[in-house]
Protein chains: 2
Amino acid sequence: MRIGQLSQATGIGIETIRYYEKVGLLPDPARLPNGYRDYGPGHLDRLAFIRQCRSLDISIADIARLLDFRHGSPTDCNAINQLVDEHLAQIRTQIVSMRALESQLIELRKRCSKGKRTPDCGILNELTTSARGKMAIKRFPSH
Amino acid sequence: MRIGQLSQATGIGIETIRYYEKVGLLPDPARLPNGYRDYGPGHLDRLAFIRQCRSLDISIADIARLLDFRHGSPTDCNAINQLVDEHLAQIRTQIVSMRALESQLIELRKRCSKGKRTPDCGILNELTTSARGKMAIKRFPSH
DNA sequence: TTAAAACCCTGTAGCTACTCCAGGGTCAAT
DNA sequence: ATTGACCCTGGAGTAGCTACAGGGTTTTAA
Ligand SMILES: [Zn+2]
Ligand SMILES: [Zn+2]
Ligand SMILES: [Zn+2]
Ligand SMILES: [Zn+2]
């Protein structure tokens, strides 16, 4: 199977497949006499696994760890459970901070209505004044 | 005011301040005879505004636009309202997809309990089978 | 037969918003 | 005279791709 076919089969772009090879996620494939990459079913399987992990936003480094567990000698799988737990915690943290961001932006948006001119824009003014409010207490004399 | 003082006053790192100068967010400051950067109150103000925007996750490019509105000749501010609306929409989209991600990871996590060995790990197996399930229908004969 | 289209190759640069470092120069105090 | 705290420039690194540039190969159609 050539790279274009692998790309079609997995829905992953050709450049991305070559990138996964470069960073060590996908083992180097055999080569045809003309130098083209020649993939087998193992590559297809592995690449599908990678795509599934990426769709869950698992990092390249963590996918490498998962692939090691998958293809290495059997061990205790607690590390896998822990990896998922950590990612879940990370996602939840991000959701919390994005919701905080959302409400801040909602408040900001309320400051302005239609048809104002920039010097009277409530949004600009709010950004300016809250920026000033957050500045360090310390003052710097000019001498 | 030298760069270290500006850094202290705004809470922005020195390297970051130089970066903002390089990308055009902060105007080039005057220089002291020894070549050190010499900032005025205008820079402090502008930098505080920038930090405020960044804390709302507004991109460098959009901050540049906001600064243009802030320091340019007065115009209609609808573009500003729209900018905030777009960011709000973006944030909300991201929250939605992160929640979807969260529930997927929760489901995945349920697949495995303590003390299993990697070949029996429900998480690994789930990742593998759902990866296979999502593969393109098209098959590639080996001939 | 030949020319275009479609495929493949390597290597490099670009994206975001910083952050860090190497290898210097400058200035105050000891 | 030397230490330490500053400051400078320029370049590399981060994550995960994506998009070339500048070539070679294979298939298909005129
Ligand atoms: Zn992780
Ligand atoms: Zn407005
Ligand atoms: Zn925007
Ligand atoms: Zn498990």
Side-chain angles (χ1 to χ4, degrees), chain A residues 1-26 28-39 43 47 49-67 86-87 90-91 94 97-98 101 138 140 143, chain B residues 1-26 28-39 43 46-47 49-67 86-87 90-91 94 97 101 138 140 143:
Chain A
M1 191 189 262
R2 287 184 309 183
I3 198 167
Q5 298 174 299
L6 188 61
S7 171
Q8 288 263 317
T10 56
I12 298 177
I14 288 173
E15 315 265 0
T16 305
I17 294 173
R18 286 198 281 246
Y19 170 74
Y20 288 156
E21 180 183 326
K22 197 172 68 175
V23 298
L25 271 197
L26 204 56
D28 291 16
R31 296 286 180 148
L32 295 169
N34 57 13
Y36 290 10
R37 287 172 178 81
D38 187 21
Y39 295 100
H43 288 96
L47 202 46
F49 182 88
I50 292 169
R51 186 185 59 161
Q52 182 63 23
C53 292
R54 287 296 303 135
S55 81
L56 295 170
D57 210 31
I58 296 172
S59 71
I60 300 280
D62 283 345
I63 296 172
R65 293 176 56 202
L66 289 176
L67 285 168
E86 280 165 13
H87 278 278
Q90 201 183 47
I91 298 286
Q94 284 178 29
S97 64
M98 296 206 73
L101 212 54
K138 199 176 174 186
F140 294 96
H143 72 83
Chain B
M1 190 191 263
R2 287 183 309 181
I3 198 167
Q5 298 173 300
L6 187 60
S7 173
Q8 288 264 316
T10 57
I12 298 178
I14 289 174
E15 315 267 359
T16 306
I17 294 172
R18 286 198 282 244
Y19 170 74
Y20 288 157
E21 179 183 326
K22 198 172 69 176
V23 299
L25 271 197
L26 204 57
D28 291 15
R31 296 286 181 149
L32 295 169
N34 57 12
Y36 290 9
R37 287 172 178 82
D38 188 21
Y39 296 99
H43 288 97
R46 204 171 161 109
L47 201 47
F49 182 87
I50 292 170
R51 186 185 60 159
Q52 182 63 22
C53 291
R54 286 298 301 134
S55 80
L56 295 170
D57 210 30
I58 296 172
S59 71
I60 300 279
D62 283 345
I63 296 173
R65 293 176 54 203
L66 289 176
L67 286 168
E86 280 164 14
H87 277 278
Q90 200 182 49
I91 298 286
Q94 283 178 31
S97 65
L101 211 54
K138 198 175 173 186
F140 294 97
H143 73 82

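Letters A, B, ... mirror the listed sequences (proteins, then strands); counts begin at 1.
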Exercise. Going by modelled atom types, is there a donor-acceptor pair between the base of C/dC20 and the side chain of B/E15 at under 3.5 Å?
Worked result: yes

Rounded to whole Å, please give me the gap between [atom1] in [X] and [atom2] in [N].
X	N	atom1	atom2	result
A/I50	D/dG16	CD1	P	12 Å
A/I12	D/dT18	CD1	C1'	14 Å
B/Q5	D/dC6	CD	P	10 Å
B/R31	D/dC6	CZ	P	19 Å
A/Y19	D/dA19	OH	P	15 Å
B/I14	C/dC20	CD1	P	12 Å
A/I17	C/dT10	CD1	P	14 Å
B/R51	C/dC18	CZ	C1'	16 Å

So do [Y] and [X] actually touch side chain to side chain, heavy atoms under 4.5 Å?
X	Y	result
A/H87	A/D57	no
A/R31	A/R37	yes
A/M1	A/H43	no
A/Y19	A/L25	no

Exercise. Which residue, B/R2 or B/K22, contacts DNA chain D at a nucleotide closer to its 5' end, judged by nearest heavy atom?
Worked result: B/R2

Check the phosphate of [N] against [X], side-chain N and O only, distance under 4.0 Å to OP1 or OP2. Yes or no?
X	N	result
A/N34	C/dC8	no
A/T16	D/dT18	yes
A/R37	C/dT10	yes
B/S59	C/dT16	no
A/R18	C/dT10	no
A/Y20	D/dG16	no

For this session: Give a yes or no answer on whether the side chain of B/R51 reaches the backbone of B/T10 with a donor-acceptor pair at less than 3.5 Å.
Result: yes

Exercise. Which nucleotide sits closest to the side chain of B/Y36: C/dC18, D/dG24, C/dT26?
Worked result: C/dT26

